[in-house]
Amino acid sequence: QQPVQSPQAVILREGEDAVINCSSSKALYSVHWYRQKHGEAPVFLMILLKGGEQKGHEKISASFNEKKQQSSLYLTASQLSYSGTYFCGTFDNYGQNFVFGPGTRLSVLP
Amino acid sequence: NAGVTQTPKFRILKIGQSMTLQCTQDMNHNYMYWYRQDPGMGLKLIYYSVGAGITDKGEVPNGYNVSRSTTEDFPLRLELAAPSQTSVYFCASRQYSGTGYEQYFGPGTRLTVT
């Protein structure tokens, strides 16, 4: 079952912060975050494996609450280069079949 | 190290025609995936492979076939193309990074069926 993401879209000014949420009705064993710029392929950002785990990538960090079956991606002091669509995703129980969320479109304006 | 390569980059097909989308990776990854992405939408898994000779269906396999005769190549075959197959197709391979599996994507093939 596909994860759910919110919001669908967000517009920021450079330097502002944003939070993107990902949740699932099924148990999540891991959450993967990807960013896709317009006309390009998705690029891996980070994986979260443990409950409550937080990770960082540049000024982008994420948390994972496995009990609530949700993950959040935090973009701090956003830059123009952060614009794109952010997808969360997860593997099935066997670690083979991968399902992406519908994506959150982030636009950072100068 | 070229990573994941896909050919062609663009293709226009007529309804009922067939074609093969090529995908090659030079990273010796066992797992490979085919996704489709419709305009403004997320990626949906078509087929995946856990190694040479082993393939399995994903979420949207109808109208497609795959084969995996070598570790490097994972072609996707479209038989009897339909307008609903107009999409961007991405191939990916994955590796274990120490904390989990990362997927590496090819640049995509943009397919239009008219």
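Remember, predicted model here, so these are calculated numbers, not experimental data.
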Checklist entry - So Phe105(B) and Phe90(B), would you call those rings parallel, tilted or perpendicular, with 30° and 60° as cut-offs? => result perpendicular
Next on the checklist: Over 60° means perpendicular and under 30° means parallel, so tell me whether Tyr104(B) and His29(B) are parallel, tilted or perpendicular.
Outcome noted: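 Judged by the thresholds at 30° and 60°, the geometry between Tyr104(B) and His29(B) is tilted.
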Given a strict heavy-atom distance threshold of 4.5 Å, which part of [X] is in contact with chain B: side chain, backbone, both, or neither?
| X | value |
| --- | --- |
| Gln96(A) | both |
| Gln2(A) | side chain |
| Phe87(A) | side chain |

Checklist entry - Side chains of Asp17(A) and Thr76(A): do they bring a donor and an acceptor to under 3.5 Å? => result no
Next on the checklist: Less than 4.5 Å to any heavy atom of chain A: does that hold for the side chain of Tyr33(B), its backbone, both, or neither?
Outcome noted: side chain
Item to check | Residue part contacting chain A, namely of Lys44(B), when any heavy atom lies under 4.5 Å | outcome: side chain
Next on the checklist: Among Ser30(A), Gly103(A), Gly89(A), Pro42(A), which residue has the highest count of heavy-atom pairs closer than 4.5 Å to chain B?
Outcome noted: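 Of the options given, most contacts go to Pro42(A).
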Next on the checklist: According to a hydrophobic-cluster definition based on side-chain heavy atoms being under 4.5 Å apart (Ile, Leu, Val, Met, Phe, Trp, Tyr only), do Leu78(B) and Val88(B) belong together?
Outcome noted: no
Checklist entry - Rounded to the nearest 0.5 Å, how far apart are CG of Leu12(A) and CG of Leu75(A)? => result 8.0 Å
Next on the checklist: Only pairs of heavy atoms separated by less than 4.5 Å count here; which of Gln37(B), Glu59(B), Met41(B), Gln103(B) has the most with chain A?
Outcome noted: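 Maximum pair count with chain A is reached by Gln103(B).
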Checklist entry - So do Trp34(B) and Val60(B) actually touch side chain to side chain, heavy atoms under 4.5 Å? => result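 Val60(B) does not reach Trp34(B) side chain to side chain.
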